[in-house]
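Each remark here refers to the structure printed beneath this line.
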There are 2 protein chains.
Amino acid sequence: MAREEEKIFEDYLAIKNLKQSEQRKEILQIFLNIDKHLTANELYRIVQKKYPKVGYATIYRTLRLLCESGLCRELKFEDGTARYEHLYGHQHHDHLICTKCGRFFEVVDSEIERLQEKLAKQHGFYPERHRMELYGVCRKCKK
Amino acid sequence: MAREEEKIFEDYLAIKNLKQSEQRKEILQIFLNIDKHLTANELYRIVQKKYPKVGYATIYRTLRLLCESGLCRELKFEDGTARYEHLYGHQHHDHLICTKCGRFFEVVDSEIERLQEKLAKQHGFYPERHRMELYGVCRKCKK
DNA sequence: CTATTGTTGATAGCGATTTTCAATATCATA
DNA sequence: TATGATATTGAAAATCGCTATCAACAATAG
Ligand SMILES: [Mn+2]
Ligand SMILES: [Mn+2]
Ligand SMILES: [Zn+2]
Ligand SMILES: [Zn+2]
């Protein structure tokens, strides 16, 4: 499972002279097995079930390492709480968010992406990145 | 000055059986006179200069009322701190945000808006609203 | 094995925002 | 205008998500 990601994380730790702790391995495994947009707290609770001794701070610390190593991306939606998604092997995308059930749907629209670049340039802006979220009601929730 | 907005706020308070306090009038005036994307703290400091007795909680409470009455919109950008902008008489817009100087530029692109609607519908979504922020370096900051 | 150095969990701290509460102001009505 | 019901206020405590601190502990090189 996820040998490539494990290697990336190990290599990142090695380069930074960081150690391969049990906690880091455990959290990496659980992170890789859950491909959702989790909050730190949600991840904490899941990790706790399997490894009750793990502390809150370690979750945050490891999430930071995962982001730095390129495996994870931190996102902030409307409520301001950080959420974390898989980054490795995932291309850039934006999100549709259901205001009823809270689910996230990933989308890409190359035409919109092109127009965003153009819009920035029209205003003398040198674009670096963007964020786009569409809020609405998903098919299931509309009944 | 801003007679219309004053009326909207007064009417809103009346409908909700709320009272027309001095503080509310003062904060409304200052809010209306500053057309920026202020944080609660920034507004607090400006209000304090003129009315030193006003409390922090009253700023937040009044900002909430301004939002509910339709005069104000709360926005959250990358740092998670809420910012407040004028809503009355302002059409929907998105933001370009300079990562050097932190300034906000308001933009609308009807073609992007159209494609956003279309994108949502393609995924079976009933769109309600969206948020789009383009981060980059503004003309001035690029030298 | 041992020393060095990084890691951990608990907990304190922080910034933004909300809640609590007793004192006070607003406002409809007498 | 005086009264009283009800809403509002400022100060301070509480909360929330997250980061910093620190002493005990674990990983790794030699
Ligand atoms: Mn995603
Ligand atoms: Mn704006
Ligand atoms: Zn839904
Ligand atoms: Zn700039």
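Per chain, numbering begins at 1; letters A, B, ... match sequence-line order. Please read all numbers here as calculations on a predicted model, not as lab measurements. All heavy atoms count here, side chains included; hydrogens, waters and symmetry mates do not.
- Nucleotide D/dT9 holds its P atom 11 Å from the CD atom of B/Gln20, rounded to whole Å.
- Between B/Tyr60 and B/Tyr44, the gap from one ring centroid to the other reaches at least 6.0 Å.
- Annotation: the span from A/His86 atom NE2 to A/Tyr88 atom OH amounts to 13.0 Å, rounded to 0.5 Å.
- Each of D/dT8, D/dA12, D/dC18 was ranked by its minimum atom distance to the side chain of B/Ala57; first place goes to D/dA12.
- Separating the CD atom of A/Glu42 from the P atom of D/dC16 is a distance of 15 Å, rounded to the nearest angstrom.
- If you take NZ of A/Lys19 and C1' of D/dA27, they are 5 Å apart, rounded to a whole angstrom.
- A continuous path of ILVMFWY side-chain contacts below 4.5 Å connects B/Leu115 to B/Met132, so both sit in one hydrophobic cluster.
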Review point. Run the side chain to side chain contact (heavy atoms under 4.5 Å, CB included) check on B/Ser21 and B/Lys19 step by step: do they pass?
Key: CA-CA 6 Å; B/Ser21 73; B/Lys19 292 172 180 172; 5.7 Å; no
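- You'll find the ring centres of A/His37 and A/Phe104 inside the 6.0 Å limit.
- Ring centroid separation for the pair A/Phe31 and A/Tyr84 does not come in under the 6.0 Å cut-off.
- Here the P atom of nucleotide D/dT28 and the NZ atom of A/Lys16 are 18 Å apart, to the nearest Å.
- The distance between atom OH of A/Tyr56 and atom P of D/dG17, rounded to the nearest whole Å, is 7 Å.
- Under the 3.5 Å distance criterion, with hydrogens and angles disregarded, a donor-acceptor pair is assigned to the side chains of B/Glu128 and A/Thr99.
- Near DNA chain C, meaning a heavy atom under 4.0 Å from it, residues 61-73 of chain B has B/Arg61, B/Arg64 in order of number.
- A/His130 and A/Glu117 share no donor-acceptor pair across their side chains, judged by distance under 3.5 Å alone.
- In this entry the distance linking NZ of A/Lys76 with C1' of D/dG17 reads 9 Å, nearest Å.
- Salt bridge absent: B/Glu133 and B/Lys76 never bring a charged side-chain N and a carboxylate O closer than 4.0 Å.
- In terms of position along DNA chain C, the nucleotide closest to B/Tyr60 lies nearer the 5' end than the nucleotide closest to the other residue of the pair B/Leu18 and B/Tyr60.
- Straight-line distance from the CZ atom of A/Arg83 to the P atom of D/dG17: 11 Å, rounded to whole Å.
- Residue A/Asn41 is out of contact with every strand shown, counting any heavy-atom pair closer than 4.0 Å.
- Each of B/Gln23 and A/Gly80 lies near DNA chain D, and the nucleotide nearest B/Gln23 is the one positioned closer to the 5' end.
- Protein chain B contacts DNA chain C over a range whose 5' and 3' limits, counting nucleotides with an atom under 4.0 angstrom from a non-hydrogen atom, are C/dA16 to C/dC27.
- As a whole-Å value, the separation of A/Lys25 NZ from D/dA26 P is 14 Å.
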